[in-house]
Amino acid sequence: MINAKPAPSDFIRSMIAEDLKANKNDGRVHTRFPPEPNGYLHIGHAKSICLNFGIAAENKGGLCNLRFDDTNPSKEDVEYVESIKADIQWLGYDWGDRLYYASDYFEQLYEYALQLINYGKAYVCDLSLQEIREYRGTLTEPGRESPYRNRSVGENADLFKRMRDGEFPDGSRVLRAKIDMASPNLNMRDPVIYRILHTSHHRTGDTWCIYPMYDFTHGLSDSIEGITHSICTLEFEDHRPLYDWFLDELKVFHPQQIEFARLNLSYTIMSKRSLLELVELGFVSGWDDPRMPTIIGLRRRGFTPESIREFCNRIGVAKKDSTVDVALLEHSLREDLNKRAPRVMAVLRPLRVVIDNYPEGKTEQLEAINNPEDPAMGTRKIPFSRVLYIERDDFRENPPHKFFRLTPGREVRLRYAYFITCVGAVKDEKTGEITEVHCTYDPQTKGGDSPDGRKVKSTLHWVSAEHSVNAEVRLYDHLFTRENPANSKEGHDFKSFLNPNSLEILESCHVEPSIANAAPGEHFQFERLGYFTVDNVDSKKRGIVFNRSVTLRDKWVKIEKAQKTEVKTAKEEKKLERHGAITLERKKDDARPAEEIGIDYFSKIDLRVAVIKEASHIEGSDKLIRVMADLGEGHLRQIFAGIRSAYPDPSKLVGKKVIVVANLKPRKMKFGVSEGMILSGGQEGNLSVTTFDGNPLPGDEVS
RNA sequence: UGGGGGAUCGUUUAGUGGCAAGACGACAGGUUCUGGCCCUGUUAACCGAGGUUCGAAUCCUCGUCCCCCAGCCA
């Protein structure tokens, strides 16, 4: 049973509860999920699915239909119909025998249209597309009535029948509702309800060459199916008067339309159009690319239906536009997989470890717990031998502060195996890269505990070199670098924020032998790394492939990051102060003196490498230089820098690599908008910008 | 400048005239054979200005800001 947890409460559910109390609709609750089969379902649709099917499930006798809104054959396809059905089922919902298509109602819809004509409430209009637009008026001016508005009922009926019979070409005529061309609601200015489209429909074939529009179709389909609550997204709010108008004029059963805010997720996009673009332009491998917010993409990535449903439960339903933090989605997955995923050991970036005092050729089978969260999942055996692999990240020749892992002279635990002590490291003389680490083990610590109560500061995962299985692992990160790529304030195209590091493929990973034959879709926790799922597309072809579904929360990366920014800020703080460039605003109640500004503020400063493409003096300013800088964003930024005194010939700056504070609020100046700040320092008289000699790329983060 | 909607911790959602609550995040600590899980604590909000009231996030007035609408798309 879905929704075992207490049902969430929201304004829609309260509304339905009120209706039930008033015995509206004879106590029936009947919803529907009405996708248009013109694309794949995404997490935003999941919200709607969970809402509609959820409400039906929560109410006694409640039902939810699946109805395809297939009124535009030029965009729709059976491929999408099938994928949508599969996705809903995978999410765990069941429409029973109530699978419908708006196209099932075409004949009845046609009759309704004829009825409207007979009531004098609809007319055939011969205006062109362009003319209809002109006659509609604007947001502030009323529209004008079509010269065809007052055709007789007989003529309208005749013309409409002939439209159906295919006598007229596409675009030559439409059927319009006769409402009010002066209505402040544009939707009520004689909306089109039928258009001519000589296009084959994926279900009705060539039976029809006229197709009904959404507004006409949707409400009447709801009515035909006896839907009590027709739940849709906010943008249809101003369509509600029209929804109501059709039902009232035709005097048929009148469902209630209720609108809620669609889901937006940080670091991704949700519009079908944009998603399609990513697929068609090849920025992703397909609708099922594990970085896509599509249901099929999330599924391939390793999300479970339970985690998605739980997520939908948590985000709530309201009318406020919102962007949910993707961290909440990730949290829901971790929470689910923590309970269910078996733990295994896998080494992604292998470093060879030789246990010098372990007998050559010997193998031991050590017992490991499958899931500490669920003892019922039992134990398994894993092979141990003299040569092992550990994670490269788990060894440091010169350990930073708070690094607890393996380092020369230090003893650590190999999970479920032995304590080992590092006695040496082999380096590639040319590159300086560590190629092998030598250790000794303490036979007394077999199983991972020391009889003398000795403690170690960390436990490492490992695999036996000889027994491990090679695997490919794909690491994913957010598809976009911006929280809200779709609506950038600067008006950039969402594609300019694609994250170049959203996919990293690791080909020489080693996993423990127990999962050599894991089935596609199986979930595991790779201890200390994250949750991984066997890829269901590429695994068969080329050996086993794992997708990283989500990382484990990781305190060490936070410590490491904090250490880096500490160094960075200590250096940069001075420069910024000297330049007098940044005044950090303190909160009202913040009692700290200004000189004790917290490190948090500085960790938010985004320093980027930029190449200066143009530099020129500005007429009317003896201090500023105007610079166009490339930060690798696909466009140049205009920056005004107060460095003219140091650069009488600004062209010297062209081609120089400099550091730019990239995340400052664009500042309007007399000469234009300044989109950043160039780091510079020095005393009066020897001021200069900070430049680079190495080979950093534009947009590289400076730390 | 017309119409329709919306503003509560960083994010999200409760609270509808009587103690501003939870979740995620962030931060700090405890525990630990996963720097995971778990536990504890800290941080942090009613868009603004008036008014009504013993008492306002909630009711009233006037503002401000944000979203949607000018497809023969849905």
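When reading the values below, keep in mind they use all heavy atoms of this one structure, side chains included, and skip hydrogens, waters and symmetry mates. Naming convention: chains lettered A, B, ... in sequence-line order (proteins, then strands); numbering from 1 in each chain.
Counted within 6.0 Å of CZ on A:Arg262, heavy atoms from surrounding residues, nucleotides or ligands total 12 or fewer; the atom is thus considered open.
Ring planes of A:His201 and A:Tyr211: parallel class, angle under 30° (limits at 30 and 60°). Relative ring orientation between A:Tyr40 and A:Tyr80 is described as perpendicular, the plane-to-plane angle rising above 60° on a 0-90° scale split at 30° and 60°. A perpendicular orientation is assigned to the rings of A:Phe160 and A:Tyr194, their planes being inclined by more than 60° (bins at 30° and 60°). Between A:Phe236 and A:His239, the ring-plane angle classifies as perpendicular under the 30° and 60° cut-offs.
Aromatic rings of A:Phe526 and A:Phe532 (six-membered ring for Trp) have centroids within the 6.0 Å cut-off, being under it.
Going from the C1' atom of B:U53 to that of B:G18 covers 12 Å, rounded to whole Å. B:U61 and B:U43 have their P atoms separated by 38 Å, given to the nearest Å. For the C1' atom pair drawn from B:U52 and B:C66, the interatomic distance equals 29 Å after rounding to whole Å. Nucleotides B:C9 and B:A45 place their P atoms 9 Å apart, quoted to the nearest Å. A gap of 34 Å separates the P atoms of B:G4 and B:G55, to the nearest Å. Using C1' as the reference atom, B:A56 and B:G48 are 16 Å apart when rounded to the nearest Å. Taking atom C1' on both B:U31 and B:G35, the two are 13 Å apart, rounded to the nearest angstrom. Separation of the C1' atoms belonging to B:C68 and B:A74 is 15 Å when rounded to the nearest angstrom.
Taking only side-chain atoms of A:Asp10, from C-beta outward, the nucleotide of B:U12, B:A26, B:A14 with the closest atom is B:A14.
Residue A:Arg334 contributes atom CZ, which lies 14 Å from atom C1' of B:G35 at whole-angstrom precision. Here B:U58 presents its P atom at 21 Å from CZ of A:Phe11, a figure rounded to the nearest Å. In this structure, NZ of A:Lys457 is placed 15 Å from C1' of B:U31, rounded to the nearest angstrom. Atoms CZ (A:Arg314) and C1' (B:U12) sit 12 Å apart, rounded to a whole Å. We find that CZ of A:Arg13 is positioned 14 Å from P of B:U13, with the value rounded to whole Å. Between A:Arg548 atom CZ and B:G36 atom P there is a gap of 16 Å when expressed in whole angstrom units. The CG-P distance, from A:Leu414 to B:U34, rounds to 13 Å in whole Å. One atom, CG of A:Asn313, and another, P of B:A14, lie 13 Å apart when rounded to the nearest Å.
Across all strands shown, B:U52 remains unpaired; no Watson-Crick or G-U wobble contact has both distances below 3.5 Å. Nucleotide B:C47 is matched to B:G63 when pairs are restricted to Watson-Crick or G-U wobble geometry with both distances under 3.5 angstrom. In this structure, B:C72 forms no base pair with any nucleotide, since neither Watson-Crick nor G-U wobble geometry is met with both distances under 3.5 Å. Across the strands present, B:U11 finds its partner in B:A23; the criterion is a Watson-Crick or G-U wobble pair with both atom distances under 3.5 angstrom. Of the nucleotides present, B:G30 is the one that pairs with B:C38 by Watson-Crick or G-U wobble criteria, both distances under 3.5 Å.
No contact: A:Val456 has no heavy atom under 4.0 Å from any strand. Base contact: A:Ile559 has a heavy atom under 4.0 Å from a base atom. Here A:Lys339 lies out of heavy-atom contact (under 4.0 Å) with every strand. Contact annotation for A:Phe403: base contact, defined as any heavy-atom pair under 4.0 Å involving a base atom. Across all strands shown, A:Glu527 has heavy atoms under 4.0 Å from base atoms, whether or not it also approaches the sugar-phosphate.
Side-chain contact check for A:Leu275 versus A:Pro293: some heavy-atom pair is nearer than 4.5 Å.
Closest-nucleotide positions on RNA chain B for A:Gly316 and A:Gly448 were compared, and the one nearer the 5' end corresponds to A:Gly316. Of the two residues near RNA chain B, A:Glu483 and A:Trp556, the one whose nearest nucleotide lies more 5' is A:Glu483.
Side-chain to base pairing of A:Arg343 with B:U34: one donor and one acceptor N or O lie within less than 3.5 Å of each other. Looking at A:Gln525, its side chain comes within 3.5 Å of the base of B:U34 through a donor and an acceptor atom.
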Working for ring pair (Phe, Tyr, Trp, His ring centres under 6.0 Å), residues A:Phe404 and A:Trp556: CA-CA 9 Å; A:Phe404 300 150; A:Trp556 171 240; 7.6 Å; no

Summary of protein contacts for nucleotides 69-74 of chain B, nucleotide by nucleotide, where a base hit scores B, a sugar-phosphate-only hit scores S (4.0 Å, heavy atoms): BBSBSB

Summary of protein contacts for nucleotides 38-43 of chain B, nucleotide by nucleotide, where a base hit scores B, a sugar-phosphate-only hit scores S (4.0 Å, heavy atoms): ------

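Note on A:Lys402: every side-chain N or O is 4.0 Å or more away from OP1 and OP2 of B:G35. For B:C27, one of the phosphate oxygens OP1 or OP2 lies less than 4.0 angstrom from a side-chain nitrogen or oxygen of A:Lys558. The phosphate of B:A7 (OP1 or OP2) has no side-chain N or O of A:Lys319 nearer than 4.0 angstrom.
Nucleotide B:G41 is shown with an anti base, its glycosidic torsion being more than 90° from 0.
Note that A:Arg164 lies in the cation-pi zone of A:Tyr110, set by a 6.0 Å cut-off to the ring centre and a 45° limit from the axis. Geometrically, A:Arg144 engages A:Tyr135 in a cation-pi contact, judged by NZ or CZ lying under 6.0 Å from the ring centre and within 45° of the ring axis. Geometrically, A:Arg176 does not engage A:Tyr123 in a cation-pi contact defined by less than 6.0 Å to the ring centre and at most 45° from the axis. Annotation: cation-pi geometry satisfied between A:Arg203 and A:Tyr101 (NZ/CZ under 6.0 angstrom from ring centroid, within 45° of ring axis).
Remark: side-chain polar atoms of A:Asp394 are not paired, donor with acceptor, to backbone N or O of A:Leu406 under 3.5 angstrom.
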